[in-house]
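Following: one structure in C-alpha cells, then a few remarks.
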Amino acid sequence: MTVQLRVYVPPHPLIKHWLAVARDAATPSVLFRSAITELGRWLTYEAAREWLPTEETTVQTPLEICPATVINPQVPVAVVPILRAGLGLLEGAQTVLPLASIYHLGLVRNEETLEASCYLNKLPEKFDPQTRVLITDPMLATGGSIMKAMSELTERGVDPSLVRIVSVVAAPPALQKLNAAYSGLIVYTATIDETVNDQGFIVPGLGDAGDRIFGT
Ligand SMILES: O=P(O)(O)OC[C@H]1O[C@H](OP(=O)(O)OP(=O)(O)O)[C@H](O)[C@@H]1O
Ligand SMILES: O=c1cc[nH]c(=O)[nH]1
Ligand SMILES: [Mg+2]
C-alpha cells in the first residue's frame, strides 16, 4: 500500500490572520517578519502532533504518584530551514521545538530557469534513521527547491515518513512532485494557492518571501 502525501491547512484564526498580514503588499518588512514568525510557531505546533516522540512515565505530584507522558529525549529532532526565506519560520518553530538541532540548507532559484542550486549545506553526513525532521520553507512553488531539500535529506538516511514540511503558501506543482516521490510525508501550510506564473511566482501568493523578510 502506498501512503499518499498529506497536506494540512489548519483552520485556525491565528494562522488565517497572519497569512492575511503576510499577503498584504502594504505590510512593511518588520511586520511581515513577525507574521512569518507567528506562522512558523502555529504551523510547527500543528505539525508536532503525532510526530514528536513521547514516552510514558510517572511523576510525583504534591499529593501522589500519577502517570505522565513526556517528550522522549532519546529520539533526535532536527529543523532544516531552507535559506533564506525558511529562516523567517525558524524562530517560531524553535519556540515549539527548543531542543531541536538546526541544520541550515541554502538554496536559491535561478531567476530564468527557476532551477534551484545549493550554496550552503550544513547537514550531517548521516542522520539517525529515527530522526524527526521538520523542514521550513514558506514558499513551495515549482517544487524544485523542496525536492532538492528532500533528496539531500533522504540521501543521508532520513525516513520521508518522519519528515514534516512547514510552509506558508503551497502551490500544486510542488505538491504534485512531492506526492509522486515521497509517501508518508506530511505538509503543514497556511494555504494552497491556485497557480505558479511564468516567472515562478505563486499567484495570489505573497510575493518574494526572502526579499520581504530581509528587506532586499
Ligand atoms: O518551489 P520553487 O520554485 O523552487 O520556489 C520556492 C523557493 O523560492 C524561494 O527561494 P529563493 O530562490 O527566492 O531564495 P531566497 O529564499 O533566498 O529568497 C522560496 O524561499 C523557496 O525556497
Ligand atoms: O511566489 C514565490 C515563489 C517562490 N518564491 C517566493 O519567494 N515567492
Ligand atoms: Mg527569494
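Every number for a ligand or one of its atoms is a count from 1 in the order of the listing. Residues: numbered from 1 along the sequence shown.
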Decide if atom [atom1] of [X] counts as having more than 12 heavy atoms of other residues, nucleotides or ligands within a radius under 6.0 Å.
X: E152; atom1: CD; value: yes
X: E115; atom1: CD; value: no
X: K177; atom1: NZ; value: yes
X: E112; atom1: CD; value: no

Which segment of [X] sits under 4.0 Å of ligand 1 when only heavy atoms are counted:
X: I146; result: neither
X: D137; result: side chain
X: A141; result: both

*Quick one: are F201 and D208 in side-chain contact, heavy atoms under 4.5 Å?*
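Heavy-atom side-chain distance check passes, below 4.5 Å.
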_Non-hydrogen side-chain atoms of M147 and L178 separated by less than 4.5 Å_ =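 Yes, their side chains come closer than 4.5 Å.
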Hey, which atoms in ligand 1 end up nearer than 4.0 Å to a heavy atom of [X]?
X: D208; answer: 18 (O)
X: V108; answer: 12 (O)
X: G144; answer: 1 (O), 4 (O)
X: G210; answer: 18 (O)
X: A85; answer: 16 (O), 20 (O)

*Between the side chains of T216 and R84, does any donor sit under 3.5 Å from an acceptor?*
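Looking only at side-chain atoms, R84 and T216 do form a donor-acceptor pair, the distance falling under 3.5 Å.
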*Have a look at S145 and tell me which of V108, L107, L105 forms a side-chain contact (heavy atoms from CB on, under 4.5 Å) with it.*
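The option that passes is L107.
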Quick one: look up the protein heavy atom nearest [atom] and list residue, atom name and how far away it is.
atom: atom 17 (O) of ligand 1; value: R84 NE, 2.8 Å
atom: atom 3 (O) of ligand 1; value: T142 OG1, 2.5 Å
atom: atom 4 (O) of ligand 1; value: S145 OG, 2.6 Å
atom: atom 8 (O) of ligand 1; value: R109 NE, 3.6 Å
atom: atom 14 (O) of ligand 1; value: L107 O, 3.9 Å
atom: atom 6 (C) of ligand 1; value: M139 O, 3.3 Å

Checking [X] side chain against [Y] main chain: does a donor-acceptor pair fall under 3.5 Å?
X: R164; Y: E46; result: no
X: R212; Y: A22; result: yes
X: R41; Y: T95; result: no

*To the nearest 0.5 Å, how far apart are CD1 in I146 and CG in L175?*
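Reported to 0.5 Å precision, the distance equals 10.0 Å.
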*What distance separates E38 CD from L31 CG, expressed to the nearest 0.5 Å?*
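Answer rounded to 0.5 Å: 10.5 Å.
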*Consider every N or O of A116 and every N or O of ligand 1, then say whether any pair is closer than 3.5 Å.*
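It does not: no N or O of A116 is found under 3.5 Å from an N or O of ligand 1.
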*Identify, chain by chain and in numerical order, each protein residue with a heavy atom under 4.0 Å from an atom of ligand 2.*
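Residue list for ligand 2: R109, M139, A141, G200, F201, I202, G207, D208, A209.
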*Any non-hydrogen protein atom less than 4.0 Å away from atom 10 (O) of ligand 1*: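 No; the ligand atom in question lacks any protein heavy-atom contact below 4.0 Å.
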*Would you say G143 contacts ligand 1, with heavy atoms under 4.0 Å as the rule?*
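Under 4.0 Å: yes for G143.
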*What orientation do Y103 and F127 show, parallel under 30°, tilted 30 to 60°, or perpendicular over 60°?*
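Ring orientation of Y103 relative to F127: perpendicular.
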*Which pair of heavy atoms, one from G86 and one from P81, lies closest together, and at what distance?*
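Nearest heavy atoms, G86 then P81: O-CB, 3.8 Å.
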*Using only N, O or S atoms, tell me which atom of D208 is closest to the Mg ion (ligand 3).*
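It is OD1, the N, O or S atom of D208 closest to the Mg ion (ligand 3).
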